[in-house]
4 protein chains.
Amino acid sequence: MAEEPRHDDKLARILRTAAAIFADKGYHEASIRDISRATGISLSGLYYYFRSKEELLFLIQDHCFGTVLDNLERLLEGVMDPHRRLRLLVENHLRFFVSNMKEMKVLSHEAGSLTGDYRKRVNEKKRRYTELCTATLQELRPASPIDLRVATFALFGMMNWIYNWYHADRDVPVAELAEDLSQLFLQGYLGDAGLVPAGAAERAPGEARPSIWRRTS
Amino acid sequence: MAEEPRHDDKLARILRTAAAIFADKGYHEASIRDISRATGISLSGLYYYFRSKEELLFLIQDHCFGTVLDNLERLLEGVMDPHRRLRLLVENHLRFFVSNMKEMKVLSHEAGSLTGDYRKRVNEKKRRYTELCTATLQELRPASPIDLRVATFALFGMMNWIYNWYHADRDVPVAELAEDLSQLFLQGYLGDAGLVPAGAAERAPGEARPSIWRRTS
Amino acid sequence: MAEEPRHDDKLARILRTAAAIFADKGYHEASIRDISRATGISLSGLYYYFRSKEELLFLIQDHCFGTVLDNLERLLEGVMDPHRRLRLLVENHLRFFVSNMKEMKVLSHEAGSLTGDYRKRVNEKKRRYTELCTATLQELRPASPIDLRVATFALFGMMNWIYNWYHADRDVPVAELAEDLSQLFLQGYLGDAGLVPAGAAERAPGEARPSIWRRTS
Amino acid sequence: MAEEPRHDDKLARILRTAAAIFADKGYHEASIRDISRATGISLSGLYYYFRSKEELLFLIQDHCFGTVLDNLERLLEGVMDPHRRLRLLVENHLRFFVSNMKEMKVLSHEAGSLTGDYRKRVNEKKRRYTELCTATLQELRPASPIDLRVATFALFGMMNWIYNWYHADRDVPVAELAEDLSQLFLQGYLGDAGLVPAGAAERAPGEARPSIWRRTS
DNA sequence: AATGAATGAGGGTTCATTCAT
DNA sequence: CATGAATGAACCCTCATTCAT
């Protein structure tokens, strides 16, 4: 007797599929029909799971960002050293980015595609995330000659841009990517304040990539 | 007797207007009707200036990238010091970015919206531009522990991301932006190789911002 | 211990609610989902009470018209004077109209929305009702210079149109409405045949308005 | 060489066709595709002539009501006798109603289908028309025992209801219809104030029915 | 007696594009 | 050079209805 998939699992599958399609064709170019085709669910049947195409985008972005944020906050619990905090932020961000590239591309590239309340809610999460980063940078080097906003968004730019060029199969592995970007940014931001010890927070080999959609039942 | 605007000027006006619209609404969400409305030229009248919407996007990206590239090549003529070359690249890039934010957003954000031959032609220019950067970085620190591709695209990410956050009126001026990003990246990339002399290539005060559409007849 | 509502009561509630919605938005613009929402019964749950949306409309119209017709026939029992018979018809019609405006609007406005057998069955009742009126008018003035059909439908037009303008709170009370319309029509139809004594069939004060849905168990 | 129909003529044809379809199936049940089929114009081609289905309904109602109102005002010019004025109103109303039954049915039956500004604009015309009638009735019998609003809408009810029953081929001719309704209403409203002279404003035989869409070049 | 999940058909509307003038 | 008029394809979404449970 086959297990019937639960409602939430089915929704998760739809979101995952839709994210891939949005990532490939772009949100506006993708059609609900594409998603219907890819999921095997009828066009109208999809509307049982979301109210509108925009809500679908919102659900993806919200879930995606929510996971990143939650995980980060869990990671940072009890960690006070700003150096280490930043390193964890970068690693968490990149690890998710590479493991869930499609979803993160949608998050990065389709930021402006939400409107109204949906936009506000996602932006609120973004603001929290950004502030967390800015505060850490501030603490890290209170009298930095580099503008804080510039530094913050330089870091996010470095990280978010990867959906434009990074190919897991052709490029360095994630750990090295994280290492390189961390070093690049920290050395740059701290100046002569010293180097970062490499490999600080590497995942054990064989450990699964963190998926945004995995149910943690 | 009023001067009749020449064909090229009119096209430039159309491209500028279209770029602004593409930047605001995104390429796929913008309609030719929007451009017709904004330019005051009839829907069908526009097709005298371009063959298709995609060609319009191509013309914008090509013109835009061409200008950046040309200017950079002119600037680099005779400059051999890789340190100085990189600094010029960053300055040129950022200056254009901030002066022609709408166009550069279209260039950055709508990279994937071109197809076929159009895409190939723009990508060719991008490749040249990227290689120019990679080569300079290579020369700058031949034995860098940081992967060259990572470094290159970290730099571009930092710079191209600015359309997502930079507001000319709320943020630091361009010169400082360029200074901060240069320092951030170079310090980061070079490690303990020393600091960059600030303000190396600043524009003389009063000099006009470089416009991508200005005719240099 | 709470009384479980009986099947018929629940159906009556559904019909009443649906009638209000059909009256407000029109039959075709109203959706079964609207009715589901308003009744608190699930979409599919409603289909236990009717086979199709059209049957729902039919049930409303049939019940509604049936009540009007039954009441009229009871009222007319034993009354032979055509003058008095017409007066009773008008009063009965208007009283129900104003007391059950939503339902009567559905009856008047959505006459053409039924098809096939449903339409036939309602039309049959309408024919009986109309003929009852026509016959009375004929008897009232056998040699009227006014065409009988014209007179009949002029009367119904006067009465049925009220859903387009009558507001119980801003207009004259029903009794006066009935009085005015009766007088207007009878004087018009009879010509110099004399006036109608006013207030002939008024309801006793305090007597409840007749509801179409009230169970008379 | 065939005459190309002018833009306005083509629009008029579309409106006429659409009115017939709206009358037959009702506004909400009719689809733009129905109109496309009936006019032979492609679905999207229709949108060159109106912005939305609702605007199409508005155009029909506005044009239709505008014509009735204009004609009435022209007819009433210089006529002071309220008796005669009312007679002209009724004749004008009924003549148009019967000659343009489809359009007038749309006007009567779909009054509530417009929203927002469209509705306001049509209602404004309706208010003027109604007031013109009310004022005449008031003048006709200043101390009528019948409520003015009741009288006004009784008249309109009588007249507008005809789309529900009148068949040009089975019923009395328009002239007689107008005659009967006028007499019915006037006798009713005036009471013993005397009879109306019959046939006051009959059209000469052979004279064309007034069409709402006829161009008066 | 009631519901969650699903569907086919069809709705109004917009789009890039064309072509005769 | 420029435009008014037109079109086919595709869009998102809603609908009444069903069926297993």
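In what follows, every chain begins at residue 1, and chains take the letters A, B, ... in the order their sequences are listed.
- Comparing L46(D) and A30(C) by the nucleotide of DNA chain F whose heavy atom lies nearest to each, the residue mapping closer to the 5' end is L46(D).
- Pairing each heavy atom of F22(C) with each of V106(C), the nearest pair is CB-CG2, 3.6 Å.
- Looking at heavy-atom distances under 4.0 Å, F50(A) makes no contact with the nucleic acid at all.
- Among the heavy atoms of the strands, none lies under 4.0 Å from H7(C).
- Across the protein-nucleic acid pair, L11(D) atom CG and dA6(F) atom P stand 11 Å apart, rounded to whole Å.
- When the nearest nucleotides of DNA chain E are assigned to Y47(B) and G40(A) by heavy-atom distance, the more 5′-ward of the two goes with G40(A).
- I14(B) has its CD1 atom 11 Å from the C1' atom of dC1(F), to the nearest Å.
- At a threshold of 4.5 Å between non-hydrogen side-chain atoms, the residues W213(D) and E103(D) count as touching.
- Listed here is the closest heavy atom pair of I41(C) and I14(C): CD1-CD1, 3.6 Å.
- With a 3.5 Å ceiling on both atom-pair distances, the Watson-Crick or G-U wobble partner of dA16(F) is dT7(E).
- Distance, H28(D) NE2 to dT14(F) C1': 13 Å, rounded to whole Å.
- Counted by atom type alone, Y118(B) and E55(B) present one or more donor-acceptor pairs between their side chains at under 3.5 Å.
- Distance, L43(D) CG to dG10(E) C1': 12 Å, rounded to whole Å.
- The side chain of K53(C) lies closest to dA16(F) when the candidates are dA16(F), dA2(E), dA16(E).
- For the pair Y49(A) OH and dC13(F) P, the interatomic distance rounds to 18 Å; values are reported in whole Å.
- Between K25(D) and D34(D) there is a salt bridge, since a side-chain N of the basic residue sits under 4.0 Å from a carboxylate O of the acidic one.
- No hydrogens or angles were tested; on distance alone, a donor-acceptor pair under 3.5 Å links the side chain of R33(D) to the base of dG12(E).
- Here the C1' atom of nucleotide dA16(F) and the CD atom of E29(D) are 15 Å apart, to the nearest Å.
- Ranking dC1(F), dA16(F), dC19(E) by closeness to the I32(C) side chain, first place goes to dA16(F).
- K25(D) has no side-chain polar atom (N or O) that falls below the 4.0 Å cut-off from OP1 or OP2 of dG11(E).
- Taking the ring centroids of H7(D) and Y49(D), they lie under the 6.0 Å cut-off.
- When both distances must be under 3.5 Å, the Watson-Crick or G-U wobble mate of dT21(F) is dA2(E).
- Using a 4.0 Å heavy-atom cutoff across all strands shown, I41(C) reaches sugar-phosphate atoms only and no base atom.
- Remark: C1' of dG12(E) and CZ of F58(D) are 20 Å apart, rounded to the nearest angstrom.
- A donor-acceptor contact under 3.5 angstrom links the side-chain atoms of S44(B) to the base of dG4(F).
- Residue order along DNA chain F, read from the 5' end via each residue's closest nucleotide, puts G45(B) first among G45(B) and S52(A).
- Among the nucleotides dA2(F), dT17(F), dT7(F), the one closest to any side-chain atom of S42(D) is dT7(F).
- Rounded to a whole Å, the CG atom of L56(D) is 11 Å from the P atom of dG12(E).
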